[in-house]
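Here the structure is laid out as structure tokens; the discussion comes afterwards.
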Amino acid sequence: MHQLTIAEIIRGLRSKEFSSTELTHHLLSRIQQLDSSYNSFISVTEELALNQAKAADKCLATGEAPALCGVPIAHKDIICTNGVRTSCASKMLDNFIPPYDATVVENLNSVGTVTLGKTNMDEFAMGSSNESSYYGPVKNPWNTGYVPGGSSGGSAAAVAALLVPGATATDTGGSIRQPAALTNTTGLKPTYGRVSRWGIVAYASSLDQAGPIARNAEDVAYLLSAMASHDPKDSTSLDRPQTDYTAKLNDSITDLKIGVPREYFGEGLNAGTAARVQDALKEFEKLGAELVDVSLPHTELAIPAYYVIAPAEASANLSRFDGVRYGYRCEEPSDLRDLYMRSRGEGFGEEVQRRILVGTYALSAGYYDAYYNKAQQVRRLIKQDFVQAFEKVDVIMGPTTPSPAFKLGAKNSDPVAMYLEDIYTIATNLAGLPGMSLPCGLVDNMPVGLQITGNYLDEARMLNIAHQYQQVTDWHKASAV
């Protein structure tokens, strides 16, 4: 049963080939037996999962259950879950148990999904390799000596290891797409505001966006249909009607215009990765699409702009973790200053501290205009590049990452090299556009991802495009286990 996709589970539950309770028992058993090799889960919610599965089976028996009723999933541990620890993979929140569900969790619970647990991640979603977690690194199921990508590496690894058919994740600069690419899964970052951020612990508020990771585009469409909604509790939430993203999966993509940015195929791109992406583009031509050369001239400025804006927002958002109201508190502080300094110094890991320091510096008096304000001006230029490109094309395609997964520990001593892993994904977040990654081949038996960037609110078309590609290729069916 663990080899079934979400779409196959939906059909199997309705044809009574198995029950949600049987499937949940099976997957919980796999997690218990196998996850010590991957470290993809921080918490496993066995009692909650079995109770939800029993309730789902009763709903399914009525014949009027929502599509995802009885489907097991997992949530990234940055997404608040009522009564279940939400740690953000940090010592700072190791003991935090929220008294409420995030809107994303509410939406998925309302359609009857079954929560198997909370997945591991980079601490406070800050990382590109899932090595900064307080609970230890996640390991790539394709080769456990390699990283799965980050920050949503736990969600991606759990799906790739066939421990769960789908999972929620978040993406601030590529944290859904990059791990999806490195683990041979399919992940989508929606348009900024498409999915509510309420109840998701903030990293960089103008960039963060939740989305799904699953094995293929059809499964991602099912999950996004439940996740996306207008939320009055989130001031950045877009007021758009609920959408069934599975409805147009089978539409033809003949006459589709695909933009291929020349900046994405230059120095720094692994030759094998480039070849696999070019092979994928040829498949789209066979499906009737047209390839169009486009330019995104400010691409090289995305990383420096991001690593001013995101840390600046993080320094403000993480100021609430002060050892006073909730979270980690140091022992026997001598005064209030000591309480603040030692609680934050002991509770936050190295990468989080680094980004807080960078962000605080960028926002400080005398440096705001030179760094933060300038980065926001560059952000506008990057957005304008995409606006001009989308006047000529329907979507933009290229590599998700510069190379396949790298070895654990290989880039820990060089933060800049680690940051460059997001060179192709960050601009999408800065512009607020939707982006997704789907499997397009292997290099040295490690997965490669194709990135699709769409125009604003164009997730349905992106999923249709990805689904059509996956109807004529089998890369998404390749398994790590």
Side-chain angles (χ1 to χ4, degrees), residues 27-28 30-46 74-79 81 84-97 116-164 167-170 172 174-176 178-180 182-183 185 201 203 213 318 321 327-328 344-355 405-415 417-419 421 446 480-481:
L27 293 177
L28 286 169
R30 276 184 63 80
I31 294 169
Q32 183 180 19
Q33 293 172 19
L34 302 175
D35 196 47
S36 58
S37 298
Y38 312 120
N39 197 32
S40 65
F41 279 86
I42 290 175
S43 303
V44 179
T45 52
E46 182 174 355
H75 292 295
K76 184 177 179 178
D77 205 28
I78 201 170
I79 301 174
T81 39
V84 178
R85 177 175 60 168
T86 300
S87 72
C88 294
S90 177
K91 181 178 181 180
M92 181 61 78
L93 289 178
D94 182 51
N95 61 359
F96 176 56
I97 299 177
L116 297 182
K118 307 295 289 292
T119 57
N120 204 347
M121 54 181 280
D122 280 302
E123 184 182 8
F124 280 100
M126 298 183 191
S128 303
S129 64
N130 220 135
E131 295 176 280
S132 69
S133 171
Y134 176 60
Y135 307 101
V138 177
K139 298 171 184 177
N140 194 323
W142 283 82
N143 185 327
T144 54
Y146 286 70
V147 303
S151 66
S152 305
S155 292
V159 173
L162 308 186
L163 303 179
V164 63
T168 60
T170 62
T172 307
S175 292
I176 289 174
Q178 192 242 21
L182 301 190
T183 59
T185 53
V201 180
Y203 163 22
I213 294 178
L318 271 61
F321 303 112
Y328 176 79
R344 288 169 67 81
E346 296 168 14
F348 289 135
E350 184 178 297
E351 182 61 29
V352 174
Q353 292 187 39
R354 180 185 293 117
R355 297 196 192 194
F406 50 91
K407 289 184 178 180
L408 289 160
K411 301 189 180 185
N412 287 351
S413 61
D414 189 351
M418 187 77 80
Y419 298 164
E421 286 298 308
M446 296 300 287
V481 294

Is it true that a side-chain atom of S155 and a backbone atom of T168 form a donor plus acceptor pair closer than 3.5 Å?
yes
Determine whether I78 and M121 satisfy the following criterion, side-chain contact (heavy atoms from CB on, under 4.5 Å), listing intermediate values before the conclusion.
CA-CA 8 Å; I78 201 170; M121 54 181 280; 3.7 Å; yes
Can you check whether S129's main-chain N or O pairs, donor with acceptor, with E421's side chain at less than 3.5 Å?
no
Partner of V352 under side-chain contact (heavy atoms from CB on, under 4.5 Å), picked from M126, R344, M92, is M126
Would you please test L408 and K139 for side-chain contact (heavy atoms from CB on, under 4.5 Å) and show each step?
CA-CA 8 Å; L408 289 160; K139 298 171 184 177; 4.0 Å; yes
Calculate, to the nearest 0.5 Å, the distance between atoms CG and CE belonging to N140 and M446 respectively.
4.5 Å
Which heavy atom in A157 sits nearest to a heavy atom in S40, and how many Å separate them?
CB-CB, 4.1 Å
Evaluation steps, side-chain contact (heavy atoms from CB on, under 4.5 Å), between N95 and Y328:
CA-CA 7 Å; N95 61 359; Y328 176 79; 5.9 Å; no
Is a side-chain donor or acceptor of D77 paired with a backbone partner of S87 at a separation under 3.5 angstrom?
yes
Do S151 and K76 meet the criterion of a side-chain donor-acceptor pair at a distance under 3.5 Å?
yes
Quick check against the 3.5 Å criterion: does E123 have a side-chain atom that pairs as donor or acceptor with the backbone of G349?
yes
Side-chain donor or acceptor of N120 paired with backbone N/O of S133 under 3.5 Å:
no
Please report the interatomic distance CG(L163) to CG(D35), rounded to the nearest 0.5 Å.
5.5 Å
Nearest-0.5 Å distance, CD1 of residue I97 to OG1 of residue T86
9.0 Å
F124 and F321 aromatic centres sub-6.0 Å:
yes
Which atoms form the tightest heavy-atom contact between Y38 and P141, and what is the distance?
CE2-CA, 3.7 Å
Can you name the closest pair of heavy atoms from Y203 and R355 and give their distance?
OH-NH1, 2.6 Å
Is it true that a side-chain atom of E131 and a backbone atom of G409 form a donor plus acceptor pair closer than 3.5 Å?
yes
Could you walk me through whether V159 and V164 pass the side-chain contact (heavy atoms from CB on, under 4.5 Å) test, one step at a time?
CA-CA 5 Å; V159 173; V164 63; 4.1 Å; yes
Hey, could you give me the CD1/OG distance between I213 and S175, rounded to the nearest 0.5 Å?
9.5 Å
Can you tell me how far CZ of F406 sits from CG of L182, rounded to the nearest 0.5 angstrom?
7.5 Å
Report, as yes or no, whether the 6.0 Å neighbourhood of atom CD on E46 holds more than 12 heavy atoms from other residues, nucleotides or ligands.
no
Residue pair N39 / V138: nearest heavy atoms and the distance that separates them:
O-CG2, 3.3 Å
Atom of P148, atom of N130 and distance for their closest heavy-atom approach
CG-CB, 4.0 Å
Please report the interatomic distance CZ(F41) to CD1(I31), rounded to the nearest 0.5 Å.
3.5 Å
Looking at side-chain heavy atoms only, is the closest gap between L162 and R30 below 4.5 Å?
yes
Looking at every heavy atom in both A156 and T183, which two are closest together, and how far apart are they?
CB-OG1, 3.5 Å
Derivation and outcome, side chain to side chain donor-acceptor pair (under 3.5 Å), residues T81 and K118
CA-CA 9 Å; T81 39; K118 307 295 289 292; 2.8 Å; yes
Just checking E350: does its CD atom have more than 12 heavy atoms from other residues, nucleotides or ligands closer to it than 6.0 angstrom?
no
